[in-house]
Enquirer: 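Structure incoming, see below.
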Amino acid sequence: MSDQKTDHLHAVRHSTAHILASAIQRLWPEVKLGVGPVVENGFYYDIDLGGEQLSADDFPRIEAEMHNIIKAAEPFERLEMPVLEAVGWARKYGQPYKEELLNDLQRSGTTFAKDLDADELGLAAEGDSKVESVSFYRNGDFTDLCRGPHVEATNKVGAFKLMRVAGAYWRGKEGNPQMQRVYGVAFETPKELRQYLDMLEEAKKRDHRKLGQELDLFVFSDLVGSGLPLFTPRGTVLREELEAFSNELRKDRGFEKVSIPHMTKKDLYEKSGHWAKFGSELFLVKSQETSDELVLKPMNCPHHTQIYASRPRSYRDLPIRYLDTTMVYRDEKTGELGGLSRVRSITQDDSHAFVRPDQIEQQIDDLLASANELYGTLGMKLRVRLSWRDESDAYLGSTELWASAQKQLKNAVIANKLEYFEQEGEAAFYGPKIDFMASDAIGREHQVATVQLDFVMPERFGLEYTTEDGSAQHPVMVHCALLGSTERFLSVYIEHTAGRFPVWNAPEQIRLISVNQEEETIKFVQSVVQKAKGLGLRTTVDNSNESVGKKIRSAEMWKIPYTVVLGEKEIGGSELVPRIRKDLAVNDEAKSYALDEFLKTVANEAKSRVSKTSL
RNA sequence: GCCACCUUAGCUCAGUUGGUUAGAGCAUCAGUUUUGUAAACUGAGGGUCGUCGGUUCGAAUCCGACAGGUGGCUCCA
């Protein structure tokens with residue numbers, strides 16, 4: 001809000017939201033209005049048309065009405081009135097949602113709408129003192145409770161476009177009635193709007209679901225079920241390379257791999273506390289033999305605690321660090337599923353360190369360093385969120401422990417010079433988290449890496465170690481996943497790379513194209529494949545009866561890092577001219593290399609996980 | 001789970017107000033060709049129009065349920 005440009009854009013968007021509401025009220029005089037805040041790139045307005053449902057088909061007439069209002073150049077006038085009077089106004093004009101907000105405002109001096117601050121609600125609630133009066137803005141025959149500011153008149157807004165209509169619960173609570181939320185984008189100039197819409201078109205091209213299909217990385221099957229992705233050979237190479245890197249980073253720092261079954265008696269989760277909190281989201285498994293109630297594991301920490309608990313531990317043994325990349329299963333609601341970003345079979349590159357209190361700091365440092373190394377190598381910039389508890393009773397453990405845990409996480413983040421933001425209500429029920437957030441192609445944020453500090457689980461499972469003075473003490477658990485979930489990570493990573501994977505994790509690293517199908521050529525190509533495979537390079541051959549041009553085109557579309565055409569010239573000489581994928585190449589010139597030198601260079605690049613070629 | 005929208009060949013899409021045997025490009029297969037850095041030529045196969053039910057003389061087209069998907073909301077250990 002500091003600079004003028006931001007302020008003005010904000011006013012433009014907010015004013016456009018009012019124009020939207022005005023237009024809807026003219027077309028549907030019975031409309032009951034919710035809130036209409038500014039959001040990234042635009043605005044929305046929540047409406048309730050009683051029985052009628054708006055659809056995108058209605059947008060043309062709404063937009064036409066909006067343009068009429070804009071043409072009319074109605075000035076935005078600010079009015080002020082005491083809260084009590086405002087309640088009367090809301091009642092008089094049949095606006096129950098506004099009335100509810102005003103009543104709350106009157107009662108407590110603030111509104112409780114979750115995650116919507118007073119500014120977004122358009123309320124005049126400032127500071128924490130009791131609010132005496134609220135402001136309204138009027139344009140033409142439309143008046144709305146609103147803090148402002150607005151542009152001077154309706155013709156001073158910029159370019160806008162209604163985007164979609166979606167359901168949204170009143171005040172974000174599932175039990176409340178569902179309103180319709182009309183989303184629009186708005187910018188100061190038509191050019192900026194066009195640029196934004198073009199950007200969205202570009203983003204569609206790198207949508208991980210589209211690329212997953214085009215590059216043959218993963219599929220879904222109606223017979224298998226929704227939210228259950230199947231990874232093809234190519235997709236499996238990609239995920240295993242990434243998982244191997246993630247594991248390596250922690251093995252280097254003292255973690256050891258463990259393995260656990262994918263199901264367990266539900267007793268395990270009753271003990272951990274997960275059953276009480278997430279029981280309805282577990283898949284149940286029935287034994288035909290015993291009376292055991294089994295569940296598919298929705299997470300791994302309880303299993304890992306049982307490995308720790310299997311023998312007495314000394315303070316000298318700590319830290320004990322387990323690493324496990326394994327699938328968990330969660331019965332996510334159908335409407336929450338989407339591509340790879342939200343699935344029901346979730347691979348976690350999970351780890352749990354059991355440490356003494358004096359080892360917490362070092363452990364968190366190690367994990368933050370691992371995360372930095374991973375995302376640095378991948379060229380991804382992440383936002384760091386400190387996920388704290390809120391005042392609700394959704395958390396286990398004493399408030400003192402929580403305060404101490406949150407403080408230690410914050411110190412670690414500061415010590416590692418990470419930029420961060422803090423958010424209440426985002427913690428796990430057993431402890432606070434450092435979450436790393438990545439953005440997808442259209443700017444939606446997803447949590448990837450996470451480091452969590454947990455004093456609760458060791459206590460619930462009665463985990464102990466013997467201290468120097470012979471007494472028993474609970475270890476502290478540090479939970480960590482670097483990719484987070486392989487699936488969700490891939491959804492972001494595929495979009496981040498647009499499917500142009502670096503050599504080290506590219507499913508296909510080199511493609512050899514034969515100029516013709518003569519025996520001599522085929523034989524030569526085979527000998528090159530043998531050499532490349534001998535160096536561990538993922539190499540394929542295109543011997544098909546197609547033109548060289550077509551085979552090159554095909555290799556380009558598969559986004560393969562290196563393509564080599566082999567024919568008479570190569571058989572005769574010992575040099576070849578690799579075709580290097582554009583984003584990898586340092587310059588555009590095609591150069592020739594000795595066969596062995598070329599292969600060795602590529603093999604080294606793959607091993608060292610570099611993002612650019614040195615060829 | 002809730003709201004809106006979508007579902008035609010492996011993929012991307014046509015299909016006129018309900019009216020005969022549902023089309024195209026790419027991909028696949030066969031033949032011709034033996035190719036030099038982003039698409040050679042010819043031909044063939046491939047669809048109970050997501051599934052089930054209804055309305056109708058007649059349904060890809062209209063209605064309903066279910067399944068799957070998209071965008072949001074809610075949730076996310």
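Everything quoted here is computed from the prediction, not taken from an experiment. A note on names: the letters A, B, ... follow the listed sequences, proteins ahead of strands, and every chain is numbered from 1.
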Enquirer: Report yes if at least one side-chain N or O of T334(A) is closer than 4.0 Å to OP1 or OP2 of rG1(B); otherwise report no.
Expert: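 For rG1(B), OP1/OP2 do have a side-chain N/O of T334(A) under 4.0 Å.
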
Enquirer: Contact class for A168(A) (heavy atom, under 4.0 Å): base, sugar-phosphate, or nothing?
Expert: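 Sugar-phosphate, backbone atoms only, no base.
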
Enquirer: Decide yes or no on side chain to side chain contact (heavy atoms under 4.5 Å, CB included) for Q213(A) and F220(A), but give the supporting numbers first.
Expert: CA-CA 10 Å; Q213(A) 141 90 327; F220(A) 288 90; over 6 Å; no

Enquirer: Taking 4.0 Å as the cut-off, does a side-chain nitrogen or oxygen of R209(A) come that near to OP1 or OP2 on rU70(B)?
Expert: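 Answer is yes, contact under 4.0 Å.
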
Enquirer: Return yes if the base of rG1(B) and the side-chain atoms of E281(A) contain a donor-acceptor N/O pair under 3.5 Å, otherwise no.
Expert: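 Flag unset: no donor-acceptor pair detected.
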
Enquirer: Could you tell me how far apart L337(A) (CG) and rG1(B) (P) are, to the nearest whole angstrom?
Expert: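 After rounding, the gap between these two atoms is 9 Å.
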
Enquirer: Which of these passes side-chain hydrogen bond (donor to acceptor under 3.5 Å, both in side chains) with T326(A): Q348(A), H303(A), H262(A)?
Expert: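 When Q348(A), H303(A), H262(A) are each tested with T326(A), the side-chain hydrogen bond (donor to acceptor under 3.5 Å, both in side chains) holds only for H262(A).
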
Enquirer: For a quick check, with a 4.0 angstrom heavy-atom cut-off, what is the B/S/- contact string for nucleotides 24-34 of chain B, read 5' to 3'?
Expert: ---S----BBB

Enquirer: Name the closest nucleotide to the V165(A) side chain, picking from rG36(B), rA4(B), rA38(B).
Expert: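 The nucleotide sitting nearest to the side chain is rA4(B).
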
Enquirer: Using only heavy-atom distances, decide whether a donor-acceptor pair under 3.5 angstrom links the side-chain of E336(A) to the base of rU74(B).
Expert: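 By the distance-only test, yes, there is a pair.
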
Enquirer: Going by ring centres under 5.5 Å and near-parallel planes (under 30°), is F278(A) stacked on rA77(B)?
Expert: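 Base of rA77(B): stacked against F278(A).
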
Enquirer: Just the rounded figure in Å: distance from P of rC76(B) to CD of Q423(A).
Expert: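 Checked: the CD to P distance equals 12 Å.
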
Enquirer: So, applying salt bridge (Lys or Arg N to Asp or Glu O under 4.0 Å) with D207(A), which one of K210(A), K204(A), R209(A) is it?
Expert: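 Only one of K210(A), K204(A), R209(A) forms a salt bridge (Lys or Arg N to Asp or Glu O under 4.0 Å) with D207(A), namely R209(A).
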
Enquirer: Using side chain to side chain contact (heavy atoms under 4.5 Å, CB included), reason through Y308(A) and H352(A) one step at a time and then give a plain yes or no.
Expert: CA-CA 10 Å; Y308(A) 179 95; H352(A) 295 101; over 6 Å; no

Enquirer: Scan for salt bridge (charged side-chain N to carboxylate O under 4.0 Å, His left out) pairs involving residues 41-53 of chain A, sequence neighbours excluded, and state none if there are none.
Expert: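 Output for this query lists D46(A)-R181(A).
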
Enquirer: What is the distance, to the nearest angstrom, from the CZ atom on R342(A) to the C1' atom on rU74(B)?
Expert: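 Between C1' of rU74(B) and CZ of R342(A): 10 Å.
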
Enquirer: For E30(A), does the CD atom sit with more than 12 other heavy atoms under 6.0 Å from it, leaving out its own atoms?
Expert: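 Result for CD/E30(A): open.
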
Enquirer: Can you tell me how far C1' of rA4(B) sits from CD of Q180(A), to the nearest Å?
Expert: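 Whole-Å distance recorded here is 7 Å.
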
Enquirer: Whole Å only: how far is the NZ atom of K333(A) from the C1' atom of rG1(B)?
Expert: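 These atoms are roughly 6 Å apart.
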
Enquirer: With distance as the sole criterion, do the side chain of Y169(A) and the base of rG72(B) form a donor-acceptor contact below 3.5 Å?
Expert: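 Absent.
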
Enquirer: Rounding to the closest angstrom, what is the interatomic distance between rG19(B) and rC29(B) at atom C1'?
Expert: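 The answer is 36 Å between these two C1' atoms.
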
Enquirer: Is a side-chain donor-acceptor pair under 3.5 Å present for D350(A) with N300(A)?
Expert: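 N300(A) vs D350(A): donor-acceptor pair found between side chains.
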
Enquirer: Parallel, tilted or perpendicular: which one describes the rings of Y493(A) and F489(A), with boundaries at 30° and 60°?
Expert: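 Correct class here is parallel.
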
Enquirer: Stems involving RNA chain B: give each as a range paired with a range, ordered by first number, where a stem means at least three consecutive Watson-Crick or G-U wobble pairs under 3.5 Å.
Expert: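 Output for stems: B:1-7 with B:67-73, B:10-13 with B:23-26, B:28-32 with B:40-44, B:50-54 with B:62-66.
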
Enquirer: Under 4.0 Å: is that the gap between some side-chain N or O of R553(A) and OP1 or OP2 of rG36(B)?
Expert: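 No, because none of the side-chain N or O atoms of R553(A) sits under 4.0 Å from OP1 or OP2 of rG36(B).
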
Enquirer: Rounded off to whole Å, could you give me the CD1-to-P distance for the I560(A) and rU37(B) pair?
Expert: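 Distance check: I560(A) CD1 to rU37(B) P gives 18 Å.
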
Enquirer: Heavy atoms only, 4.0 Å cut-off, all strands: where does E520(A) land among base, sugar-phosphate and nothing?
Expert: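 Contact class for E520(A): none.
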
Enquirer: It should be established whether S226(A) places a side-chain nitrogen or oxygen under 4.0 Å from OP1 or OP2 of nucleotide rG68(B).
Expert: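 It does, given that an N or O in the side chain of S226(A) lies less than 4.0 Å from OP1 or OP2 of rG68(B).
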
Enquirer: Output the single nucleotide from rA77(B), rG71(B), rU37(B) whose closest atom is nearest the side chain of L282(A).
Expert: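 Looking only at heavy atoms from C-beta outward on L282(A), the closest nucleotide is rA77(B).
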
Enquirer: Check whether any side-chain nitrogen or oxygen of R444(A) sits under 4.0 Å from OP1 or OP2 of rG72(B), and answer yes or no.
Expert: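 Yes, within the criterion.
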
Enquirer: Salt bridge between K523(A) and E520(A), side-chain N to carboxylate O under 4.0 Å?
Expert: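 Here K523(A) does not pair with E520(A) in a salt bridge, since their nearest N and O are not under 4.0 Å apart.
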
Enquirer: For the P atoms, the ones on rG18(B) and on rC13(B), what distance do you get once it is rounded to whole angstrom?
Expert: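 Between the two P atoms, the distance is 25 Å.
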
Enquirer: Using a heavy-atom cut-off of under 4.0 Å over every strand shown, decide if Q53(A) touches base, sugar-phosphate, or nothing.
Expert: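 Q53(A): backbone/sugar contact only, no base atoms under 4.0 Å.
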
Enquirer: With distance as the sole criterion, do the side chain of R330(A) and the base of rC76(B) form a donor-acceptor contact below 3.5 Å?
Expert: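 No.
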
Enquirer: May I ask you to say what Q213(A) touches in the nucleic acid, namely base, sugar-phosphate or nothing, with a heavy-atom cut-off under 4.0 Å?
Expert: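 Sugar-phosphate contact only - Q213(A) comes under 4.0 Å of backbone atoms but never of a base.
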
Enquirer: Output the rounded distance in Å from OH (Y45(A)) to P (rG72(B)).
Expert: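 Rounded to the whole Å, the gap is 22 Å.
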
Enquirer: Checking side-chain hydrogen bond (donor to acceptor under 3.5 Å, both in side chains) against E556(A), which of K582(A), R579(A), R511(A) comes through?
Expert: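 Single side-chain hydrogen bond (donor to acceptor under 3.5 Å, both in side chains) partner of E556(A) among K582(A), R579(A), R511(A): R579(A).
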
Enquirer: Distance criterion of 3.5 Å, no angle test: do you see the side chain of R171(A) paired donor-to-acceptor with the base of rC73(B)?
Expert: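 Under the 3.5 Å cut-off, the side chain and the base do not form any donor-acceptor pair.
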
Enquirer: How many Å lie between CD on E426(A) and C1' on rC75(B), as a whole number?
Expert: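 Nearest whole value for this atom pair: 11 Å.
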
Enquirer: At under 4.0 Å, does any side-chain N or O of S547(A) touch on OP1 or OP2 of rA40(B)?
Expert: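 For S547(A), the contact criterion (side-chain N or O under 4.0 Å from OP1 or OP2 of rA40(B)) is met.
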
Enquirer: Check the phosphate of rU12(B) against K210(A), side-chain N and O only, distance under 4.0 Å to OP1 or OP2. Yes or no?
Expert: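 Answer no for this pair, as no side-chain N or O of K210(A) is under 4.0 Å from OP1 or OP2.
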
Enquirer: Pick the C1' atom in rC26(B) and in rA59(B), then give their distance to the nearest Å.
Expert: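 Comparing C1' positions in rC26(B) and rA59(B) gives a spacing of 30 Å.
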
